[in-house]
Amino acid sequence: MRTFALVALDLDNSITDKFPLDLITGLGGLGWKLKLSTLSGDVADVITKVVQEKQDVSLTINFLGRSYDKYLLLSQWVQKYSLPDKRLALEYNDGAKLRYVEGKLTELKKADRDEYGNLACAARFTPQTPFFTDIKNSIRIEYSSKGKSYPFKYPYCYGIVKVENNEIDNPYIADVPITVTIYGSVTHPYITLLDERGNAYNTVSFPDLILTDGQYLIINSSTKKIYFFDGNKIQDYSAKTDPKHDTFLLAQNGVSTIVSNIQATDTGYIVGSWRQYSL
């Protein structure tokens with residue numbers, strides 16, 4: 001059975017609040033449509049670019065039992081997340097895959113209750129993104145033990161790097177955003193994406209930052225935001241990346257590998273996830 005819900009998203013894309021929806025009918029906009037940029041030729045056209053068009057999702061929300069109360073509860077819940085700086089997504093489970101699309105509920109029509117006391121309301125969800133599956137906690141990079149270090153004239157240290165699935169396999173027609181959280185302690189953290197040949201194509205670096213224990217840095221490429229928690233409060237850190245490199249992490253089509261500069265003397269680690277967009 002297909003189920004739907006509205007979910008609120010946090011700085012790192014985690015779900016902080018959820019409103020399950022009653023029976024949904026009258027669905028529209030769940031398919032996909034591509035837009036082609038072409039150069040016209042005498043015989044055949046040449047495709048220069050392919051993008052996925054965003055389509056509004058139309059649906060009828062059937063409030064079953066205590067229908068007016070449920071309508072009011074949903075309206076009040078959505079109101080909290082309708083501000084520009086609040087993040088909302090539609091969760092769609094078709095029984096085979098759990099998918100999301102981020103955006104806003106832009107219309108909810110109120111109708112009369114039927115003879116059974118139920119209320120059918122037409123709604124519209126306007127997307128900011130394509131539908132995606134959230135590949136969570138699949139990236140982890142750390143030293144399994146601190147190892148030993150000798151801070152003399154020629155510093156020496158050793159340890160074992162522990163990497164859990166630092167590959168990103170992106171079959172989508174465009175780049176997909178990666179979100180990583182770097183936990184201290186890490187000195188001058190940077191993260192690089194390598195293509196299938198091992199060539200670096202995307203790097204985010206913080207040469208002036210030393211993360212200590214209890215501090216962390218969130219690079220959220222889906223919202224184009226970076227946040228730094230200094231142990232007391234979170235601040236916007238989006239303008240503090242190394243200008244010689246990139247600002248956000250976007251994995252290109254194909255298989256990419258994510259690497260970092262975590263050393264054996266660091267107690268910090270990196271966890272990450274990415275949004276796998278799909279048609």
Side-chain angles (χ1 to χ4, degrees), residues 2-30 52-94 97-111 119-137 176-181 216-229 233-238 248 272-278:
R2 293 188 295 190
T3 61
F4 292 82
L6 294 170
V7 297
L9 303 177
D10 205 353
L11 302 180
D12 60 353
N13 298 335
S14 59
I15 295 175
T16 58
D17 201 359
K18 184 173 182 176
F19 196 105
L21 300 175
D22 282 356
L23 178 65
I24 299 297
T25 56
L27 288 167
L30 294 181
Q52 184 178 358
E53 289 190 358
K54 300 177 183 66
Q55 302 181 88
D56 284 0
V57 178
S58 58
L59 60 161
T60 298
I61 305 174
N62 297 273
F63 297 98
L64 309 177
R66 298 179 53 221
S67 55
Y68 282 148
D69 291 340
K70 289 183 177 180
Y71 175 92
L72 181 60
L73 285 174
L74 175 59
S75 298
Q76 292 173 339
W77 190 90
V78 169
Q79 182 174 279
K80 294 187 297 182
Y81 303 107
S82 294
L83 297 173
D85 61 338
K86 301 295 184 180
R87 300 177 59 206
L88 189 69
L90 178 66
E91 179 185 276
Y92 170 43
N93 188 346
D94 62 3
K97 181 182 291 187
L98 184 64
R99 298 194 298 163
Y100 298 88
V101 57
E102 190 169 351
K104 297 292 186 187
L105 190 70
T106 53
E107 186 177 9
L108 180 62
K109 295 181 179 179
K110 190 174 182 179
L119 185 65
C121 298
R124 184 171 299 275
F125 190 89
T126 301
Q128 297 171 252
T129 68
F131 273 96
F132 61 87
T133 53
D134 205 4
I135 314 298
K136 285 184 174 297
N137 300 323
V176 297
I178 300 171
T179 296
V180 296
T181 303
Y216 60 82
L217 188 75
I218 300 173
I219 305 173
N220 191 332
S221 304
S222 59
T223 61
K224 300 294 190 291
K225 285 287 187 180
I226 298 174
Y227 301 97
F228 170 51
F229 178 69
K233 64 181 184 301
I234 287 183
Q235 56 184 289
D236 191 325
Y237 215 69
S238 305
F248 302 104
S273 60
W274 74 89
R275 285 185 170 181
Q276 186 55 71
Y277 293 140
S278 62

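For the single chain, residues carry numbers from 1 onward in sequence order.
- N62 and T25 share a donor-acceptor pair across their side chains, judged by distance under 3.5 Å alone.
- Taken to the nearest 0.5 Å, the CD atom of Q235 stands 12.0 Å off from the CD1 atom of I226.
- Ring pair Y227/Y237: centre-to-centre distance not below 6.0 Å.
- Counting only heavy atoms from C-beta outward, the side chains of L21 and L74 approach each other to under 4.5 Å.
- Looking at N220 and F248, their side chains never come closer than 4.5 Å, going by heavy atoms from C-beta outward.
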>> Working note: Y92 + F131, criterion side chain to side chain contact (heavy atoms under 4.5 Å, CB included); need CA distance, chi angles, decisive distance, verdict.
In response: CA-CA 9 Å; Y92 170 43; F131 273 96; 4.2 Å; yes
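- Checked for salt-bridge contact, D134 and R275 miss the test: no charged N lies under 4.0 Å from a carboxylate O.
- Expressed to the nearest 0.5 Å, how far NZ of K136 lies from OG of S14 amounts to 6.0 Å.
- Between the side chain of D94 and the backbone N or O of K97 there is at least one donor-acceptor pair closer than 3.5 Å.
- In this structure, NZ in K110 is found 7.5 Å from CG in L72, a value given to the nearest 0.5 Å.
- Side-chain atoms of S82 come within 3.5 Å of backbone N or O of V78 as a donor-acceptor pair.
- Between atom CD1 of residue I218 and atom CZ of residue F228 there is a gap of 11.5 Å, rounded to the nearest 0.5 Å.
- When all heavy atoms of P127 and F125 are compared, the closest pair comes out as CD-O, 3.6 Å.
- Between the T126 side chain and the T106 main chain, no donor and acceptor come within less than 3.5 Å of each other.
- Between the side chain of K70 and the backbone N or O of L64, at least one donor-acceptor pair lies under 3.5 Å.
- Salt bridge present: E91 and K18 bring a charged side-chain N and a carboxylate O closer than 4.0 Å.
- Of the inter-residue distances, the one linking L105 atom CG with I61 atom CD1 reads 6.0 Å to the nearest 0.5 angstrom.
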>> Walk me through whether D10 and R87 qualify under salt bridge (Lys or Arg N to Asp or Glu O under 4.0 Å).
In response: CA-CA 7 Å; D10 205 353; R87 300 177 59 206; over 6 Å; no
> Are D17 and K80 close enough, and set up right, to give a side chain to side chain contact (heavy atoms under 4.5 Å, CB included), and what steps lead you there?
Replying inline: CA-CA 11 Å; D17 201 359; K80 294 187 297 182; 3.7 Å; yes
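- Side-chain atoms of S75 come within 3.5 Å of backbone N or O of Y71 as a donor-acceptor pair.
- Nearest heavy atoms, S278 versus P130: O-CB, 4.4 Å.
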> Can you check side chain to side chain contact (heavy atoms under 4.5 Å, CB included) on W77 and L88, steps first, answer last?
Replying inline: CA-CA 11 Å; W77 190 90; L88 189 69; 3.5 Å; yes
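- Distance check, rounded to the nearest 0.5 Å: CD1 of I24 to CZ of F4 gives 6.5 Å.
- Side-chain contact, D12 with T179: no donor N or O sits under 3.5 Å from an acceptor N or O.
- Between N93 and R2 the shortest side-chain heavy-atom distance does not fall below 4.5 Å.
- Side chain of S221 to main chain of I178: a donor-acceptor pair is present (N/O by atom type, distance under 3.5 Å, no hydrogens or angles).
- C121 and L108 make their closest contact through CB-CD1, 3.9 Å (heavy atoms, listed as atom of the first residue, atom of the second, distance).
- Between the side chain of S238 and the backbone N or O of K225 there is no donor-acceptor pair closer than 3.5 Å.
- Around atom CD of Q79, no more than 12 heavy atoms belonging to other residues, nucleotides or ligands sit under 6.0 Å away.
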>> As a quick check of understanding, evaluate side chain to side chain donor-acceptor pair (under 3.5 Å) for S273 and N13, giving each step before the final call.
In response: CA-CA 9 Å; S273 60; N13 298 335; 5.4 Å; no
>> Show, in sequence, the C-alpha distance, side-chain angles and deciding distance for L98 and T133, and conclude whether the side chain to side chain contact (heavy atoms under 4.5 Å, CB included) test is met.
In response: CA-CA 7 Å; L98 184 64; T133 53; over 6 Å; no
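- When side chains are defined from C-beta on, Y277 counts as touching P177, because their heavy atoms get closer than 4.5 Å.
- Between the side chain of K86 and the backbone N or O of L9 there is no donor-acceptor pair closer than 3.5 Å.
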